[in-house]
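A short write-up of the structure that comes next.
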Amino acid sequence: MAQINVIGKNGGRTIDLELPEVNSGVLHDVVTWQLASRRRGTASTKTRAEVSKTGKKMYGQKGTGNARHGDRSVPSFVGGGVAFGPKPRSYSYTLPRKVRQLGLAMALAARQETGKLIAVDGYDQDGKTKNFVAWAKENGMDGSERVLIVTDDAATRQAARNVAWATVLPVAGLNAYDILRHERLVIDAVVLEPAQEGEEA
């Protein structure tokens with residue numbers, strides 16, 4: 001059972017959260033699935049039917065002493081079509097919902113194990129970057145680490161969006177890949193508390 005201290009204007013309490021043991025294989029599967037879904041898949045090459053070449057036979061079949069050839073659109077000629085080249089496609093695939101949820105929980109566990117998970121209830125921000133930087137420094141964030149801030153507090157998101165070492169996401173955008181590519185996670189306490197209540201039910 002992980003114990004997470006809540007800081008902020010309405011902090012001062014502890015959240016008891018059941019987190020799974022970190023499994024690198026599950027995290028790899030979830031991150032690979034997530035990145036595959038982000039791929040645009042717009043690479044495209046022309047086949048021999050699509051290149052701008054005449055379909056006329058280059059020269060007679062016999063009598064020239066050269067190899068037999070048809071038209072110049074074949075892949076063996078410069079300017080010809082590409083054999084088995086890429087075409088626009090979707091790289092996304094489905095991953096079981098339980099695996100996705102487990103991967104997110106493991107990403108949270110990975111940050112909690114290293115003491116890099118911070119739960120906040122009440123940022124008390126006014127949208128000013130200078131005030132946010134001061135608040136972050138008071139709570140151990142001096143810019144030496146990349147920090148992911150997951151909050152629905154509009155003033156905090158506005159204040160943190162111009163900070164070079166911080167990435168801001170709404171709660172709905174929380175995902176395993178972004179958690180793992182940042183050294184520290186700052187998240188709304190309310191996001192963790194419903195999970196606790198759901199486990200007890």
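Computed from a predicted structure; not experimentally measured.
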Next on the checklist: I'd like to know if the side chain of Lys9 reaches the main chain of Asp121, judged simply by a donor and an acceptor atom lying under 3.5 Å from each other, with no hydrogens or angles considered.
Outcome noted: no

Item to check | Which residues share a side-chain hydrogen bond (donor to acceptor under 3.5 Å, both in side chains) with Glu183, sequence neighbours left out | outcome: Arg146

Checklist entry - Taking only residues two or more places apart in sequence, or in another chain, which ones meet Asp126 in a side-chain hydrogen bond (donor to acceptor under 3.5 Å, both in side chains)? => result Asn131

Checklist entry - Would Arg72 and Val51 count as a side chain to side chain contact (heavy atoms under 4.5 Å, CB included) if you check the C-alpha gap in whole Å, the side-chain angles of each, and the deciding distance to 0.1 Å? => result CA-CA 10 Å; Arg72 287 189 178 272; Val51 294; over 6 Å; no

Next on the checklist: Once rounded to the nearest 0.5 Å, what's the spacing between atom CD of Gln112 and atom CG of Leu117?
Outcome noted: 6.5 Å

Checklist entry - How long is the span from the OG1 atom in Thr32 to the OH atom in Tyr177, to the nearest 0.5 Å? => result 11.0 Å

Checklist entry - Just how far is it from atom CG of Leu192 to atom CD1 of Ile187, taken to the nearest 0.5 Å? => result 5.0 Å

Item to check | Non-neighbouring partners of Gln34 that pass side-chain hydrogen bond (donor to acceptor under 3.5 Å, both in side chains), sequence neighbours left out | outcome: Asn175

Checklist entry - Quick one: side chain to side chain contact (heavy atoms under 4.5 Å, CB included) partners of Leu148, sequence neighbours excluded? => result Val150, Thr167, Leu169, Asp178, Ile179, His182, Leu185

Checklist entry - Is there a path of hydrophobic side-chain contacts, each under 4.5 Å between heavy atoms of I, L, V, M, F, W or Y residues, that connects Trp165 with Ile118? => result yes

Item to check | Any donor-acceptor N/O pair, Arg100 side chain to Leu95 backbone, under 3.5 Å | outcome: yes

Next on the checklist: Are Val31 and Leu102 linked, directly or through intermediate hydrophobic residues, by side-chain heavy-atom contacts shorter than 4.5 Å (ILVMFWY only)?
Outcome noted: yes

Item to check | Note: Lys87-Glu50 ion pair, threshold 4.0 Å (strictly below) | outcome: yes

Checklist entry - Can you check whether Asn5's main-chain N or O pairs, donor with acceptor, with Thr14's side chain at less than 3.5 Å? => result no

Checklist entry - Apart from Tyr59 itself, what residues make up its hydrophobic cluster when side-chain heavy atoms of I, L, V, M, F, W and Y under 4.5 Å apart count as a link, directly or indirectly? => result Met58, Val74, Phe77

Checklist entry - By side-chain hydrogen bond (donor to acceptor under 3.5 Å, both in side chains), which residues pair with Asp152, not counting sequence neighbours? => result none

Checklist entry - Counting N and O atoms only, with roles assigned by atom type, does the side chain of Arg157 sit under 3.5 Å from a partner on the main chain of Thr151, one being a donor and the other an acceptor? => result yes

Checklist entry - Sub-3.5 Å donor-acceptor pair from the side chain of Arg89 to the main-chain atoms of Ala43, do we have one? => result no

Checklist entry - Taking Ser37 for the side chain and Ser92 for the main chain, is one N or O donor matched with an acceptor at less than 3.5 Å? => result no

Checklist entry - Under 3.5 Å, is there a donor-acceptor pair between the side chain of Tyr93 and the main chain of Trp33? => result yes

Next on the checklist: Once rounded to the nearest 0.5 Å, what's the spacing between atom CD1 of Ile149 and atom OH of Tyr123?
Outcome noted: 7.0 Å

